[in-house]
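See structure below.
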Amino acid sequence: MFHNATLRLTALYVATLTAICLFFSVNLYLVSTRELDVGLGRQLTFLQRAPRFHEFIGDDIVLQRQTQLEEAKHRVVFGLVYVDLIIIGLGGVGCYLLARRTLRPIQVAHDAQVRFTADASHELRTPLAVMQSEIEVTLREKNMTIEGARKLMRSNLEELSKLTTLSEGLLKLARNGERLDMKKNSLGAIIAQAINRVKELAAKKGISIDNQTINHSVYGDEASLVQLFAILLENAIKYSHEGTSVTISSGHEMGHSIINVRDQGIGINKDALPYIFDRFYRANEGRSKEKVSGYGLGLAIAKKIVEAHRGTIEAHSTGNGSEFTVGLNVL
Ligand code: ADP
């Protein structure tokens, strides 16, 4: 598809280049032949006004001059055609390279879109397939009990809740250029809201959240920033052992606010670190004993929020857990 588009764009560029060459060549030809005609006309006028001189040199020189003029015009035509062919030939190669370069970002975006759609469909299929097979099995049972029906519904509800989480995540990722209400915010209030969102999950695992942030200002969209820190805190809890603690701290650095989320969990493999912000990437699937729920979308959303705020986000595995560092503008 992109090969054909490249060729079509190259043809368009070459056609434009040819039109420009033709325009200049025709004008150059007209100007130069007019100059030659004017030169010959002056010579003929001179000969007519000086009959003695005309008698002396004869008619041959007039014919000779006219033949030379025709030859000069032919030489101009050949010269221009020759130069145009070289320009169009070399320009054609340049046009092809330029067309490839022009279409490259579109191809990258297109490939990413195709991958995203394929990944999303794959993830959506799993819960749907589970629901379908459970319903089929239950329907095949001749004596379905109320308890059996309840069990099926509970399981279906679980899968539906997974689908809801997944579709919400996909929607957040797909919303491009969403309007952000950028303003000065209190970091303390943002972190408090983020902690509030995850406190139930932390309580379930007996994990304490140690809030060591200092209350300075951060510039950005409040709702997005709350979501960003809720994702990091939720991950810290999800990938931590029961009874451990998660620490969130902050500092100031040259007009930037630096916020750290540290846990004492399973850590992240060094090889996986470069990919954890990619959509649908899950690093620890085989590492943690219990299966941790998720679709690999949280950090991709976090990264998108940070990029929209022109901030930075980095991940480290500390040997005793993981650490995520976010840099945001203070103003
Ligand atoms: P999810 O948690 O839904 O799988 P994320 O995009 O939030 O998706 O994270 C991507 C992957 O990065 C996770 O699957 C996990 O392997 C790894 N990860 C993220 N945060 C942590 C953490 N605090 N500790 C260990 N691994 C983490």
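Owing to the predicted nature of the structure, the values given are computational and were not obtained by experimental measurement. Indexing begins at 1, ligand by ligand and atom by atom, following the structure's order.
Ion pairing between Lys238 and Asp263 fails under the 4.0 Å rule for side-chain N and carboxylate O.
Ligand 1 has no nitrogen or oxygen under 3.5 angstrom from a nitrogen or oxygen of Phe324. The distance criterion of under 3.5 Å between nitrogen or oxygen atoms is met by Gly298 with respect to ligand 1. Residue Gly296 has at least one nitrogen or oxygen atom sitting less than 3.5 Å from a nitrogen or oxygen atom of ligand 1, judged on distance alone. Polar contact check, Ala283 against ligand 1: a nitrogen or oxygen pair lies under 3.5 Å apart.
Listed by atom number, the atoms of ligand 1 under 4.0 Å from Lys238 heavy atoms are 1 (P), 2 (O), 3 (O). Interface of Tyr295 with ligand 1, defined as ligand atoms under 4.0 Å from a residue heavy atom, comprises 3 (O). Using a 4.0 Å cut-off to heavy atoms of Gly267, the atoms of ligand 1 that qualify are 25 (C), 26 (N). Taking every heavy atom of Ile276 and a limit of under 4.0 angstrom, the matching atoms of ligand 1 come to 10 (C), 12 (O). The distance from ligand 1 to the heavy atoms of Tyr281 drops below 4.0 Å at these ligand atoms: 10 (C), 11 (C). Less than 4.0 angstrom separates some heavy atom of Leu297 from each of these atoms of ligand 1: 6 (O), 8 (O). Near Gly294, meaning under 4.0 Å from one of its heavy atoms, ligand 1 places the atoms 3 (O).
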For this session: Begin with the C-alpha distance, continue with both residues' side-chain angles, and end with the deciding distance and a verdict on side-chain contact (heavy atoms from CB on, under 4.5 Å) for Val261 and Asn235.
Result: CA-CA 10 Å; Val261 178; Asn235 276 351; over 6 Å; no

For this session: Go through Lys304 and Glu307 one step at a time and tell me if the salt bridge (charged side-chain N to carboxylate O under 4.0 Å, His left out) criterion holds.
Result: CA-CA 5 Å; Lys304 202 176 152 189; Glu307 279 171 356; over 6 Å; no

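A 6.0 Å sphere centred on CD1 of Ile146 holds no more than 12 heavy atoms belonging to other residues, nucleotides or ligands. Counted within 6.0 Å of CZ on Arg150, heavy atoms from surrounding residues, nucleotides or ligands total 12 or fewer; the atom is thus considered open.
Of the listed residues (Tyr275, Phe277, Tyr239), the one carrying the non-hydrogen atom nearest atom 2 (O) of ligand 1 is Tyr239. Evaluated by nearest non-hydrogen atom to atom 5 (P) of ligand 1, the leading choice among Leu232, Leu299, Asp278, Val246 is Leu299.
The aromatic rings of His216 and His252 sit tilted relative to each other, their planes meeting at an angle between 30° and 60°.
Phe2 has its ring centre less than 6.0 Å from the ring centre of His110.
Separation of atoms CD1 (Ile266) and OG1 (Thr244) is listed at 11.0 Å; rounding is to 0.5 Å.
With a 4.0 Å heavy-atom cut-off, ligand 1 is reached by the side chain of Asp263 but not by its N, CA, C or O. Contacts between Ile268 and ligand 1 below 4.0 angstrom, taking non-hydrogen atoms only, involve the side chain exclusively.
Minimum interatomic distance between Leu225 and Tyr219 (heavy atoms only, all atoms of both residues): CD1-O, 4.5 Å.
A search for side-chain contact (heavy atoms from CB on, under 4.5 Å) contacts involving His3 returns Leu7, Tyr96, not counting sequence neighbours.
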